[in-house]
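Every heavy atom of this structure was used, including side-chain atoms; hydrogens, water molecules and symmetry mates were not.
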Amino acid sequence: MPSSPIHKPDASAWAALPPEYAIPEQVPALPDARAYCERLAKSHYENFSVATWFLPERLKQYFYSVYAYCRISDDLGDEVGDPQKSLRLLDEWEAELDQCYEGEPRHPVFVALRETVKACDIPKQPFKDLLTAFRQDQRVSRYQTFEDLLGYCRYSADPVGRLVLYLCGYRDAERQALSDYTCTALQLANFWQDVGADYNKGRIYLPLESLRKFEVSEAHIAERRFTPGFRQLMQFEVARAREWFERGLPLVKLVDHELALDIELFSRGGQAILNAIERQGYDVLRSRPVISKPQKLWLLLRAAFHKMSPRVHTA
């Protein structure tokens, strides 16, 4: 199969991002590429290094490379500030992904990712699906129905869970479906947490059909007007996110102990966001609901305790 053509980098578009994101002129050696991904993972997401406490040592480098891919892909879509430039950068990034599978990539993320892809036999589609979501962010800022929003989550959230399953050796449709429920639930929890911040970026993820049902207008969001209708709207959407978490819960019993701990940790973290929304009376317009440091510590201690405790098998 012929490899995709190499795109000439758009220097003006890359200039909107950290310099280390750019595609280098020279291909880095594999050890340097691995170190790049580990550094990016640990510096960009405070919970990522904590989550890797519960991973087998043999998988950590693979997780770093997948995370680095997801991190930069997300930033190409969300941090450039110009939809057309973002789309050009995402095209360049996808060309590097094609080279990762069919040629010789130049970016350190893809040099490291190629090793991961070969070791874990990961198909290209989940990586491409994420790029579909980030392109959609440049073109779509409203979702008419909940089904439309779920369609977006299929590309923006679900591929991450599937990549994790591939990394851990799981390839079956049953586990993938359960993972999709959990990842979609996490995405919904983040959307409900960030209604105000997303509106500042020009986006509304609350389904417009829900706004109409509870007599909430975009003006209410723009003006941070918390009405009884908005409270009912958020109660309704929080309940839907909880339902998706419940649907994904059986996955914990179908994977090994280390991965089960990660799934439980992030699921409980997502549900803690929903709890925080409830605690402030569903008013996510005036202040962003957050999980307190003591709550985060409790979640981590709970996971660490289970890490040290042998799994009890019952008949």
With sequence neighbours left out, write down each residue that passes salt bridge (Lys or Arg N to Asp or Glu O under 4.0 Å) with [X], or none if nothing qualifies.
{"X": "R288", "value": "D194"}
{"X": "D74", "value": "R71"}
{"X": "K201", "value": "D78"}
{"X": "E243", "value": "R247"}

>> For residues 179-193, which residue pairs pass the salt bridge (charged side-chain N to carboxylate O under 4.0 Å, His left out) check, not counting sequence neighbours?
In response: R162-D180
> Below 6.0 angstrom between ring centroids: does that apply to F230 and W192?
Replying inline: no
>> Between F236 and F214, is the ring centroid distance below 6.0 Å?
In response: yes
Partners passing side-chain hydrogen bond (donor to acceptor under 3.5 Å, both in side chains) against [X] (at least two apart in sequence or in another chain):
{"X": "R171", "answer": "none"}
{"X": "K128", "answer": "E94"}
{"X": "E215", "answer": "none"}
{"X": "D121", "answer": "none"}

> Mind checking what makes side chain to side chain contact (heavy atoms under 4.5 Å, CB included) contact with R154, not counting sequence neighbours?
Replying inline: D158
>> Please enumerate all residues that pass side chain to side chain contact (heavy atoms under 4.5 Å, CB included) together with Y143, with sequence neighbours excluded.
In response: Q136, V140, D148, L149, Y152, Y205
> Of all residues at least two apart in sequence or in a different chain, which pass the ring-ring contact (aromatic ring centres under 6.0 Å, His included) check with F110?
Replying inline: Y69, W93
